[in-house]
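Everything below concerns the one structure shown next.
Both counts, for ligands and for their atoms, begin at 1 and track the order of listing.
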Amino acid sequence: MNHVRMSSHTSSQRYLSTRGGSYGLSFEDVVLKGLASDGGLFIPEEIPSLPQDWQTSWKGASFEELAYNIFSLYISQEEIPAEDLKNIIKESYSTFRAPEITPTITLDSKRNIHLLELFHGPTFAFKDVALQFLGNLFEFFLVRRNKGLEGRKREHLTVIGATSGDTGSAAIYGLRGKKDVSVFIMFPQGKVSPVQEAQMTTVLDANVHNVAVEGTFDDCQDFVKALFADPEMNKTHKLAAVNSINWARILAQITYYFASYFSLIKSPNLSPDTAIRFVVPTGNFGDILAGYFAKRMGLPIEKLVIATNENDILHRFWRTGHYEKNEVHGKEAEGGFKDDGVKAHAEGVKETLSPAMDILVSSNFERLLWFLAYQVYGEGSADERRKKAGNKVKAWLYELRRKDGFGVDRWVLDVAQRDFESERVSDEQTVKTIKDVYNWTSSPTHKSYVLDPHSAIGIAATLRSVERTPSGTHHVSLSTAHPAKFSKAVDLALKEEKEFNFKNVLPKEFVGLEGLPRRVINVSKSDGLEGVRKIVIAEVEKELTEKR
Ligand SMILES: *Cc1c(COP(=O)(O)O)cnc(C)c1O
């Protein structure tokens with residue numbers, strides 16, 4: 001093959017760890033590894049910039065073509081040939097119900113408020129955009145490695161994850177039926193919403209294993225961690241994770257920022273330099289981090305607005321420059337810092353109406369910290385600067401582990417505030433926003449729009465941002481889930497509306513779902529970790545025997 005190498009094709013895009021422990025990794029390495037061996041996260045050594053003529057040459061592109069244009073700036077053709085990458089993308093988005101994949105609709109044309117709907121994938125949540133792609137990538141890499149090999153010689157990937165609902169179903173739908181991959185998803189028995197449990201357990205593909213654990217979500221997570229740390233397990237199985245720290249997930253999410261930009265440029269036919277703000281309901285900082293990459297690549301985003309629920313560690317960071325696990329800080333709390341890392345009165349995660357955003361710390365924030373450090377403490381050659389950034393990140397995270405928090409210099413906060421603003425939205429405001437939007441959207445195209453609670457947090461933050469920005473500013477608020485997935489909040493907000501009937505928002509895919517046959521393995525308290533280990537080993541063994 002003899003490809004003409006355009007200037008836009010960084011033919012040797014390489015990756016490094018945010019903690020400085022590894023450099024020069026390939027895309028395949030970082031996707032299959034997930035987490036760096038020094039505990040850091042993978043980022044590209046350089047953020048690619050857009051081709052000079054992108055605004056004209058990408059304008060008429062479909063979602064899939066945009067994805068290809070963007071991904072090929074991050075993945076060299078030596079690693080994934082153009083045709084293969086195109087096929088992976090095509091297959092990944094063939095499962096979406098909307099032709100535009102992620103449509104942008106206008107909720108309020110007077111105030112220029114738009115909604116980027118990210119829930120048209122198989123599990124009705126935004127995580128599908130990334131996990132459909134990740135599943136196909138895993139399969140592509142494994143099948144290529146296994147070319148010409150038979151039976152036990154084939155490399156087999158065992159994906160293990162824990163979920164409290166949302167990630168689990170998207171991961172299962174991303175990996176179902178994939179060759180050379182098994183997936184085990186653990187969830188706390190009886191503690192996942194009925195719709196989400198049905199979504200996961202009614203997937204009957206032989207490579208999908210739902211494990212219902214008697215215990216809490218934390219118990220499930222502890223099992224996952226223990227399995228990843230188990231030397232025996234690692235000797236016999238190639239383990240992989242699909243949680244939000246996998247680089248391919250961030251990459252896949254960059255596409256919809258571009259898709260939404262072009263959608264607005266076309267209709268309502270904006271000038272290409274209109275100020276556009278993206279507002280993102282945020283938990284682990286993965287969704288909005290993709291927006292940061294889009295902005296750094298050159299997409300004209302005026303600001304990214306972080307919208308948190310009452311678990312507001314990010315919001316507090318943007319206010320104060322302190323990244324701290326709980327709200328008690330200042331002199332008194334500092335007195336509570338102990339060398340063993342235990343802080344007095346540490347609070348846990350608060351349960352809210354937007355559970356997919358209930359976090360104590362945001363894992364992907366570490367990636368932004370690296371770029372902030374690189375910009376602020378940058379002196380010397382690119383290699384020296386990278387090294388310094390890695391050291392800085394390592395020091396911050398060390399403090400986070402030891403003292404439950406750390407503070408950054410004013411310069412760092414300044415740089416962070418150039419690209420981002422933040423808002424915190426309470427449960428009460430979430431419910432009110434669902435109700436308000438239901439009543440003010442009366443355009444002929446979108447009558448009585450029903451928001452899910454996560455998306456409502458985005459709109460609540462948008463309304464505050466509208467108040468402080470010039471009137472020509474456009475806001476795109478990201479809608480991360482379908483309202484039928486989170487019926488509790490929707491019901492709270494709309495039960496008194498005369499016209500409202502929950503049945504009308506229920507997609508046909510959800511009707512009768514709970515009555516379908518299920519496959520799930522139960523783990524009791526007394527089975528414990530050993531029980532889970534045995535299940536993983538036996539189930540993979542069964543798959544390998546039955547398939548060959
Ligand atoms: C995962 C999730 C979020 C949070 O996204 P992050 O990338 O973790 O910030 C928001 N809403 C829904 C519905 C989600 O599933």
Side-chain angles (χ1 to χ4, degrees), residues 41 102 115-132 134 161-174 192-193 195-196 199-200 217 242-254 256-257 278-294 304-315 317-318 349 352-368 420 422-425 430 433-434 450-461 477-490:
L41 310 189
T102 59
L115 196 67
L116 170 52
E117 292 183 337
L118 301 175
F119 54 75
H120 296 285
T123 75
F124 295 80
F126 98 96
K127 292 187 173 66
D128 288 327
V129 178
L131 282 163
Q132 288 290 305
L134 185 62
T163 189
S164 51
D166 230 63
T167 310
S169 49
I172 285 170
Y173 275 78
V192 172
S193 83
V195 172
Q196 291 188 322
Q199 275 188 312
M200 293 193 284
F217 171 62
V242 289
N243 44 15
S244 76
I245 49 104
N246 196 300
W247 164 250
R249 289 186 57 180
I250 309 294
L251 176 61
Q253 291 163 187
I254 299 175
Y256 48 71
Y257 287 89
F278 281 91
V279 185
V280 188
T282 298
N284 262 326
F285 206 72
D287 197 358
I288 198 162
L289 185 74
Y292 174 76
F293 274 92
L304 292 156
V305 182
I306 300 158
T308 75
N309 65 20
E310 289 163 54
N311 295 291
D312 60 351
I313 185 168
L314 291 166
H315 177 61
F317 173 81
W318 259 271
V349 179
T352 71
L353 291 171
S354 43
M357 292 157 59
D358 289 348
I359 46 93
L360 201 56
V361 293
S362 297
S363 37
N364 275 298
F365 184 57
E366 179 167 345
R367 287 186 160 114
L368 180 70
F420 296 90
S422 77
E423 290 294 343
R424 169 194 201 268
V425 178
T430 306
T433 307
I434 297 175
V450 180
L451 290 168
D452 106 287
H454 306 82
S455 312
I457 286 176
I459 292 291
S477 197
L478 275 58
S479 173
T480 52
H482 189 284
K485 269 195 103 147
F486 297 95
S487 54
K488 188 175 153 197
V490 175

[Y] backbone acceptor or donor facing [X] side chain under 3.5 Å:
{"X": "Q196", "Y": "S169", "answer": "no"}
{"X": "S477", "Y": "G458", "answer": "yes"}
{"X": "D312", "Y": "R424", "answer": "no"}
{"X": "D358", "Y": "V349", "answer": "no"}
{"X": "S362", "Y": "G283", "answer": "yes"}

Residues that E366 engages under salt bridge (charged side-chain N to carboxylate O under 4.0 Å, His left out), provided they are two or more places apart: R19
Could you list each nitrogen or oxygen of ligand 1 that sits under 3.5 Å from a protein nitrogen or oxygen, with the atom names and the distance?
residue  : atom   : partner : partner atom : Å
ligand 1 : 7 (O)  : G286    : N            : 3.1
ligand 1 : 7 (O)  : D287    : N            : 2.9
ligand 1 : 8 (O)  : N284    : N            : 2.7
ligand 1 : 9 (O)  : G283    : N            : 2.8
ligand 1 : 9 (O)  : N284    : N            : 3.2
ligand 1 : 9 (O)  : F285    : N            : 3.0
ligand 1 : 11 (N) : T480    : OG1          : 2.8
ligand 1 : 15 (O) : K127    : NZ           : 2.5
ligand 1 : 15 (O) : D166    : OD2          : 2.3

